[in-house]
Amino acid sequence: MPLHVVNHPAASHFLTILRDKSTPPETFRRVSDVAATYVIIEATRNLAVEPVAIETPLEPMTGSQLAQGIVVVPILRAGLSMMDPVLSILPDVAVGYVGLERDEATAEARTYYLKLPELAEKKILLVDPMLATGGSATHAIDFIKEKGGKDITFICMVAAPEGVQQLEDLHPDVPIVAGALDRELNEKKYICPGLGDYGDRLYFT
Ligand code: PRP
Ligand code: URA
């Protein structure tokens, strides 16, 4: 499945503020909301719709409504930053959670929480701002598929080529939408140039 990188001047503007190490946590949180909204709008551009008959104050018309139930699954912690932007622009969204944490030494993801709603027939938006090695996203997609999820889109703010490759190898049916595709991972598996640890910058830890 193809990687789609969002190409919007305002999204790049806000991502640059997030990347700047002098951006304080309060600004980071606010700008994160705005930047994520651009990425999510792009990622949901092709949602299925169906016709619906309504009446405007002037006359009857056939409008359109979303045809498929939507589930958003943030990968804790940092994925929580993308949940409000999803909920604020899409109707009737169910929410599931996957808690994953990278080991600081090995960069291997460890699961500490899992709660998923009914997933069959749903459009699943898996959100996590950072796709580095791809370990966290791969685990989360494994859980979602085990629970019957099929129509999954992975949405992130910054992706590394290594993580994109891992997802394309292990879950080729899952499209990736990213705010930016960066150069590479460093020896500690951080994305470069990146923006550092998203969760730490968001939660001031
Ligand atoms: C970060 C990020 C992703 C993961 C990406 O989370 O939010 O979940 O790392 O790295 P990967 O592609 O190599 O798995 P982290 O594990 O630091 O936890 P946090 O969200 O609680 O900060
Ligand atoms: N997780 C982050 O938050 N940042 C990185 O660069 C890599 C993983």
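FYI, the numbering just counts along the sequence from 1. Hydrogens, waters and symmetry mates are skipped; everything else that's a heavy atom, side chains included, is used. Ligands are counted one by one from 1 in listed order, and the atoms in each one are counted from 1 as well.
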**OP:** Among all protein heavy atoms, pick out the one at the shortest distance from atom 6 (O) of ligand 2; state its residue, atom name and that distance to 0.1 Å.
**Re:** I191 N, 2.8 Å

Original post:
What protein heavy atom sits nearest atom 13 (O) of ligand 1, and how far off is it?
Top reply: T133 OG1, 2.6 Å

Original post:
Any idea which atoms of ligand 1 are less than 4.0 Å away from a heavy-atom of R102?
Top reply: 9 (O), 10 (O), 11 (P), 13 (O), 14 (O), 16 (O)

Subject >> Those atoms of ligand 2 less than 4.0 Å from some heavy atom in D197 >> reply: 2 (C), 3 (O), 4 (N)

**OP:** Supply the atom-to-atom distance M83 CE to L87 CG, rounded to the nearest 0.5 angstrom.
**Re:** 5.0 Å

Original post:
Out of S136, A78, G134, G163, whose heavy atom is nearest to atom 12 (O) of ligand 1?
Top reply: G134

**OP:** Specify the protein heavy atom at minimum distance from atom 2 (C) of ligand 1: its residue, its atom name, and the distance to 0.1 Å.
**Re:** D128 OD1, 3.4 Å

Original post:
At under 4.0 Å between heavy atoms, which part of D197 makes contact with ligand 1: side chain, backbone, both or neither?
Top reply: side chain

Subject >> side chain to side chain donor-acceptor pair (under 3.5 Å) assessment of E42 paired with H4 >> reply: CA-CA 9 Å; E42 190 68 22; H4 179 74; 2.9 Å; yes

Original post:
Does G196 have a non-hydrogen atom less than 4.0 Å from ligand 2?
Top reply: yes

Original post:
Minimum heavy-atom separation for I152 to V174, with atom names?
Top reply: O-CG1, 3.6 Å

Original post:
Would Q65 and E50 count as a side chain to side chain donor-acceptor pair (under 3.5 Å) if you check the C-alpha gap in whole Å, the side-chain angles of each, and the deciding distance to 0.1 Å?
Top reply: CA-CA 6 Å; Q65 64 185 12; E50 60 191 8; 3.0 Å; yes

**OP:** Please find out if less than 6.0 Å separates the ring center of Y198 from that of F28.
**Re:** yes

Subject >> side-chain contact (heavy atoms from CB on, under 4.5 Å) partner of R102, chosen from M130, E108, K189 >> reply: K189

**OP:** State whether the side chain of S88 and the backbone N or O of D84 hold a donor-acceptor pair below 3.5 Å, judged by distance alone.
**Re:** yes

Original post:
At under 4.0 Å between heavy atoms, which part of A132 makes contact with ligand 1: side chain, backbone, both or neither?
Top reply: both

**OP:** Give the residue, atom name and distance (to 0.1 Å) of the protein heavy atom nearest atom 1 (N) of ligand 2.
**Re:** M130 CB, 3.9 Å

Subject >> Any N/O pair A132/ligand 2 closer than 3.5 Å >> reply: no

Original post:
If you count the atoms of ligand 1 from 1 in the order shown, which ones are under 4.0 Å from a heavy atom of M130?
Top reply: 2 (C), 3 (C), 5 (C)

Original post:
Considering only protein heavy atoms, which is closest to atom 3 (O) of ligand 2, and at what distance to one decimal place?
Top reply: Y198 N, 2.9 Å

Original post:
Hey, which atoms in ligand 1 end up nearer than 4.0 Å to a heavy atom of E101?
Top reply: 16 (O)

**OP:** Might you point out which heavy atoms bring P129 and C156 nearest each other, and give the distance in Å?
**Re:** O-CB, 3.6 Å

Original post:
Got a salt bridge between R77 and D200, using NZ or NE/NH1/NH2 to carboxylate O under 4.0 Å?
Top reply: yes

**OP:** Heavy atoms only: give me the nearest F14-V31 pair and the separation to one decimal.
**Re:** O-CG1, 3.4 Å

Original post:
So is K189 polar-close to ligand 2, meaning N/O to N/O under 3.5 Å?
Top reply: no

**OP:** Starting from atom 5 (C) of ligand 2, locate the nearest protein heavy atom and write down its residue, its atom name and how far away it is, to 0.1 Å.
**Re:** Y190 CD2, 3.4 Å

Original post:
Can you find a protein heavy atom closer to atom 17 (O) of ligand 1 than 4.0 Å?
Top reply: yes

Original post:
Does T23 reach the side chain of K21, with side-chain heavy atoms less than 4.5 Å apart?
Top reply: no

**OP:** Can you pull out the closest protein heavy atom to atom 21 (O) of ligand 1? Residue, atom name and distance to 0.1 Å, please.
**Re:** R77 NE, 2.9 Å

